[in-house]
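This is a predicted model, so every value here is computed, not measured. By convention in this document, chain letters (A, B, ...) are assigned in the order of the sequence lines, proteins followed by strands, and residues within each chain are numbered from 1.
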Amino acid sequence: MAAKAVPERRYRLIVMSRALLAIPFNYALTAIVTGLLARHLPLARVEASIAATLLSFAIFPVIAMAIFYARSTLRAWLWMSGAIVLLGAALALSVQLGGRA
Amino acid sequence: MRQGFRQSMAWLHTWAGLLCGWLLFAMFVTGTAAYFQDEIGRWMKPEVHANPDRAAATQAAIGYLQATAPNADIWYIAPPSARTPTADLFWQPGKDEIAARGTRQRGDTSAIVDGYGRPVTVRDTKGGWFLYRFHFDLHYMPVLWARYLVGIASMFMLIAILSGIVTHKKIFADFFMLRFGKGQRSWLDAHNVTAVFALPFYLMITYTGLVTLATQLMPFGVIANYASPGTFFNEVFPAGKPVERAGVAAPLVPIAPLMAAAAARWDGAGVGSVRVTNPGDRSALVTLTRAPGSAIGSSGDTLIFSGATGALLDQSGATGGAMATQAVMIGLHAGRFAGWGLRWLYFLSGVAGAVMVGSGLVLWTAKRRAKLPDPAHPPFGFRLVARLNIAAIAGLPAGIAGYFLANRLLPLVMEQRAAWEIHCLFIVWGATLVWAIARPERRAWIESLAAAALLFAAVPIVNAVTVPRNLLTGLLSGDWLFVAFDLAMITLAVGFGFAARKAAHAKAISSRRARRAARAMATA
């Protein structure tokens, strides 16, 4: 991302904003997806927990790359916040209804 | 980020790579050395002699425990293997013993014995094991923090690899393109060739490395299903229920028949660890775990025998698909199953990985050096990266050479000897950093690389003076470990010497070019 068209300050702001999305927000989303997979993969509970954990290390880098590829930073924010809220609610509901061991 | 997929990924590759490059370089170097951790350990304990009969060596280790810790609750023995002549022993003192000590102080409950059950007391060293632990535990900091740092760096690495692949238009063509003596272009070629050469290895090693720390880095797969992680770990490793002591003394059966029975069940595979619960009591249990050397993913194959009668009581090992996958991933990472050919391939891939990370770091400065507005006074960030590159790339290998030298030069018996060997590594590494900051950049490169070369060259010489086993005696008596170690040190010395020469040469070229450019400017 050469900063020819974008002024230096704006460039830095975009980088910070996307790094925020790609690291802490991404971690939160990956954790939620991992939790959902662990609860709903059609495997024994201990197996599903391990399978989901193994998959999480593929989910995280793909989301990170998608965030830096996204056409607009605003869209990336909307997608990430939407996914975290929706899937987070689904996970909370699943734990509430299904309980844990 | 905004100019298309490849550009955005190239940007990501550059910055993700730079931010973790130094730590990743150290992880590659120590992890690569760790593929030979047992051999390094043997080299660092030249006085210890192996017992060719491993069952007898294990029996001797049990004899040591019977004499030293007869009332312990649990003995844990890592018996000698084809690659290690010593047995590592740990024990959990019994309740009476802890009460007798008055305090909750644990005391020393571990020992290392040779193949004949004699404790190894001279030349106290952590050996290759330290390099293995540094690879993911670092040093001088809490292990938990270190593993988070290492995990974050590994994830950056995974992202750098994936974005590096998609950045690369001509991945196949570049494999055959290596242009020497062309400055920035040569660094790019070196980075590309080493990256493509072992690409499947890097992907595998980075992913499986993350898996080794999986439940610490991403605990939510477990938390989502289990209110307490303890429940999860009990399901993964079904620990035998604690067995009450019967209070009736009974001698422990000889270990050799049990080990032979285990080998018969495991298609000849060796025993990786022996655990004796309630030794000396009628309730004693002997748990044998299969050695990881025999299959890629063999965690958890165990046999449980009665310690008083030698009867087989229980066995485990049948696990589900995900657990087996995880075991294979961790097995692939650690490479404990690898024979000599594959082990060297692991090692060379690791060396290529270190070169890949190192050349990527140098490339970052080479690319920007040409575009500096004022080359005589580069901005702080540029100077920082340039100096840290020197300290990381030349400093750590020099430190490892210093670690080997300290093993030979420190007094054989001294307080904290093993700790001081490790301090020596960091003293040399730190000295390189100071040197890299204090000297002009080019000179610092040449001098640090030359220092690393000299330190590696000194290892065989110092070894020959201090220890009766070396390259020549090894060739005569078939002591191949000492032959291979000396040859490896000489190869490293030559490699760093070559790098130092190259750095000196590059200086000559670039200053000649600068002079020519200045003349051209003057005449224009």
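- Contacts of Leu37(A) with chain B are absent, with no heavy-atom separation under 4.5 Å from either backbone or side chain.
- Contact annotation for Ile152(B): neither backbone nor side-chain heavy atoms come within less than 4.5 Å of a heavy atom of chain A.
- Using a 4.5 Å cut-off between heavy atoms, Thr30(A) contacts chain B through both its backbone and its side chain.
- For Val15(A) against Trp11(B), the heavy-atom pair with the smallest separation is CG2-CZ2, 3.5 Å.
- Of the atoms belonging to Ala58(A), heavy atoms from both backbone and side chain fall under 4.5 Å from chain B.
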Would you list the atom pairs, donor with acceptor, under 3.5 Å between side chains in residues 218-233 of chain B and any protein atom, with sequence neighbours excluded?
unit_1	atom_1	unit_2	atom_2	d
Asn225(B)	ND2	Ala38(A)	O	2.9
Asn225(B)	ND2	Ser49(A)	OG	3.1
Tyr226(B)	OH	Val46(A)	N	3.2
Tyr226(B)	OH	Glu235(B)	OE1	3.3
Ser228(B)	OG	Gly230(B)	N	3.2
Thr231(B)	OG1	Ser228(B)	O	3.1

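- Annotation: the span from Leu54(A) atom CG to Met323(B) atom CE amounts to 11.0 Å, rounded to 0.5 Å.
- Contacts of residues 93-101 of chain A with chain B at a heavy-atom distance below 4.5 Å involve Val95(A), Arg100(A), Ala101(A), listed in sequence order.
- Chain A forms more heavy-atom pairs under 4.5 Å with one residue of Leu210(B), Val211(B), Ile159(B) than with any other, namely Leu210(B).
- Below 4.5 Å, heavy atoms of chain B meet heavy atoms from Ile23(A), Tyr27(A), all part of residues 20-29 of chain A.
- Taking both residues in full, the closest heavy atoms of Ala322(B) and Ile50(A) are given as O-CG2, 3.8 Å, listed atom of the first, atom of the second, then distance.
- The stretch residues 12-21 of chain B places Leu12(B) near chain A, each with some heavy atom under 4.5 Å from a heavy atom of that chain.
- To the nearest 0.5 Å, the span separating CZ on Phe57(A) from OG1 on Thr206(B) amounts to 12.5 Å.
- Atom CE of Met16(A) has 12 or fewer neighbouring heavy atoms from other residues, nucleotides or ligands inside a 6.0 Å radius.
- More than 12 heavy atoms of other residues, nucleotides or ligands sit less than 6.0 Å from atom CH2 of Trp77(A).
- In this structure, Glu47(A) contributes its side chain and Gly321(B) its backbone to a donor-acceptor pair below 3.5 Å.
- Considering only heavy-atom pairs separated by less than 4.5 Å from chain B, the leading option among Val62(A), Thr34(A), Val33(A) is Thr34(A).
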